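Since the structure comes first, as structure tokens, the remarks are kept for the end.
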Protein chains: 2
Amino acid sequence: MPQAATDKYQQQRAQAIRSAAAVFAEKGFHGASTKDIAERIGIKQGSLYYYFKSKEEALGEVCLYGIEDYVHRMASIAATNQPFEAKLLATVTSHLSSYRERNEALKVHNDERLYLPEGKRQKLHELGSRYRKSLQGIFQEGVANGDLRDSIDCHFAAQAVIGICNAWGDIIVREPDLDIFDVTQKCVDLLLNGFCERRRNSRQDRRG
Amino acid sequence: MPQAATDKYQQQRAQAIRSAAAVFAEKGFHGASTKDIAERIGIKQGSLYYYFKSKEEALGEVCLYGIEDYVHRMASIAATNQPFEAKLLATVTSHLSSYRERNEALKVHNDERLYLPEGKRQKLHELGSRYRKSLQGIFQEGVANGDLRDSIDCHFAAQAVIGICNAWGDIIVREPDLDIFDVTQKCVDLLLNGFCERRRNSRQDRRG
DNA sequence: GAGTAATTCTATCGGTCTATAGAATAATTA
DNA sequence: TAATTATTCTATAGACCGATAGAATTACTC
């Protein structure tokens with residue numbers, strides 16, 4: 001019954017995780033049955049328990065798989081010495097690329113992780129927080145360097161970037177022809193410059 | 001077995017829809033049982049079928065409840081003669097207010113509507129499209145009036161606004177002390193002006 | 001090729017779920 | 001209050017699901 005920590009086992013398990021990601025993404029955690037997952041892998045329902053001790057463990061692995069490298073990439077971007085704009089560009093590109101590569105697992109992470117037991121949910125939350133804080137740090141740096149108006153709320157800014165990236169991540173998945181770099185450029189342009197004409201006419205009203 | 005179209009019936013059914021929204025929001029469509037929903041209403045499981053002919057019908061009603069007035073409000077904002085900035089402000093406020101008032105049903109609409117059968121999903125999709133198109137129209141108007149740079153991609157812009165509003169909608173629900181108008185101001189400020197210092201130093205690099 | 005370990009299969013138990021039918025109760029009307 | 005209608009309840013059918021145990025098979029090692 002117990003398994004080995006052999007290489008082949010780990011590889012097949014990794015494949016099982018990706019299959020589970022696809023099924024969970026399509027049907028949701030509770031809507032997907034272990035039979036569905038097993039079929040996608042190409043084994044019988046009972047055999048699934050050779051790789052996971054429960055359906056819930058499979059969910060945990062999928063969620064982790066969804067965000068791990070995406071969090072790591074964020075950390076290394078934040079650690080570089082690039083100027084603010086380059087970091088922001090790299091962040092958005094990285095976020096959108098992750099969406100294209102691991103969209104199923106990411107979707108599962110975003111939508112289903114709350115069904116995990118407290119402990120695992122907490123661990124994922126910490127990873128997410130690390131991501132948000134790195135991003136927030138990039139903005140704080142930008143303010144300190146004078147690249148950004150010092151009136152901006154860095155917490156808000158980070159959250160806004162994540163929101164835009166998620167919204168466009170979904171679209172990128174739906175429309176495989178979209179070029180990630182094009183989308184990135186538009187995102188960064190919005191974030192830096194806004195949509196406004198260089199403000200001259202048309203808004204002397206509020207704001208002193 | 002069949003019911004009446006009486007006023008009282010409709011009212012109790014509306015209450016049942018809100019209860020279902022709460023349960024679906026917490027546990028997801030497949031994770032919630034008809035017993036859970038009935039208990040929240042205060043009736044027994046079997047009695048639920050006096051109000052809905054199936055669990056799935058309940059989901060459809062919840063989703064519709066979640067977006068209906070929010071779509072309508074958007075339409076009336078777009079139809080006014082306010083200047084661009086006022087329209088954008090009203091849109092964001094309306095979106096965030098909906099999140100606070102109907103956050104459970106909205107969450108259900110966003111996360112669970114894909115479990116509806118094709119027909120109903122299609123109807124909801126049309127409502128959502130109407131919303132997106134109204135918003136996109138506001139941006140196109142803004143470009144035409146010279147309030148916005150004519151280089152912006154209105155489709156992208158609308159999607160970005162929705163993404164930001166959704167991200168902050170979640171936060172607003174989690175943190176009831178946040179003032180919606182404050183958040184609205186920050187959103188609009190970002191959208192119009194971006195995060196950048198009024199661009200003088202620090203970016204002569206790309207862009208002709 | 002015999003023997004061992006790794007992997008998958010079959011079969012099943014106990015539980016939960018949606019939906020229905022018909023009885024029971026509450027509300028309304030005459 | 002009697003009759004009618006609206007609402008809720010109880011009980012259950014029928015199906016599926018997660019997990020386990022042990023047999024069967026495959027892959028590896030000597």
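Naming: A, B, ... by sequence-line order, numbering from 1 per chain. Every value quoted in this text rests on a predicted model; they were computed, and no experiment measured them. Side-chain atoms are counted along with the backbone in the values below, which use heavy atoms only and exclude waters and symmetry mates.
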- Nearest-Å distance, CG (B:Leu48) to P (D:dA6)? 19 Å
- Message: Can you measure A:Tyr9 atom OH to C:dT8 atom P for me and round it to whole angstrom units?
- Response: 10 Å
- Hey, is B:Glu104 close enough to B:Arg18 for a salt bridge, meaning N to O under 4.0 Å? no
- Message: Which is more 5' along DNA chain C, the nucleotide nearest A:Gln12 or the one nearest B:Lys53? Just name the residue.
- Response: A:Gln12
- Query: Just how far, in rounded Å, is P of D:dT25 from OH of A:Tyr50?
  - Reply: 18 Å
- Query: What is the distance, rounded to the nearest whole Å, between atom CG of B:Leu59 and atom P of C:dT18?
  - Reply: 12 Å
- Message: Using modelled atom types and a 3.5 Å cut-off, is there a donor and acceptor pairing between side-chain atoms of A:Lys55 and backbone atoms of A:Phe29?
- Response: yes
- Of the nucleotides D:dA19, D:dT8, C:dT8, which one has an atom closest to the side chain of A:Tyr51? C:dT8
- Query: Quick one: are the ring centres of B:Trp168 and A:Phe156 less than 6.0 Å apart?
  - Reply: yes
- Could you identify which residues of residues 19-39 of chain A place a heavy atom less than 4.0 Å from some atom of DNA chain C, listed by residue number, or say none? none
- Message: Between the side chains of A:Arg73 and A:Glu101, is the shortest nitrogen-to-carboxylate-oxygen separation below 4.0 Å, so that they form an ion pair?
- Response: yes
- Message: With a 4.0 Å limit, can you tell me whether A:Lys55 has a side-chain N or O closer than that to the phosphate oxygens OP1/OP2 of D:dA19?
- Response: no
- Note on the structure: B:Gln45 CD to D:dT7 P, in whole Å, measures 19 Å
Report all side-chain donor-acceptor pairs from residues 37-47 of chain B shorter than 3.5 Å, counting only partners two or more places apart or in another chain.
| unit_1 | atom_1 | unit_2 | atom_2 | d |
| --- | --- | --- | --- | --- |
| B:Glu39 | OE2 | B:Lys35 | NZ | 3.4 |
| B:Gln45 | NE2 | B:Thr34 | OG1 | 3.1 |

- Message: How many whole angstroms separate atom NZ of B:Lys8 from atom C1' of D:dT7?
- Response: 7 Å
- Task: Whole angstrom is fine here: how far is it from CG in B:Asp7 over to P in C:dT28?
- Result: 13 Å
- Under 3.5 Å donor-acceptor, A:Arg149 side chain and B:Gly194 backbone: yes
- Message: Using the side chain to side chain contact (heavy atoms under 4.5 Å, CB included) criterion, which residues pair with A:Arg102? Sequence neighbours excluded.
- Response: A:Tyr65, A:Glu68, A:Asp69
- Does the side chain of B:Ser47 get closer than 4.0 angstrom to OP1 or OP2 of D:dT7 through an N or O atom? no
- Quick one: B:Glu56 CD to C:dC17 C1', roughly how many Å, whole number? 16 Å
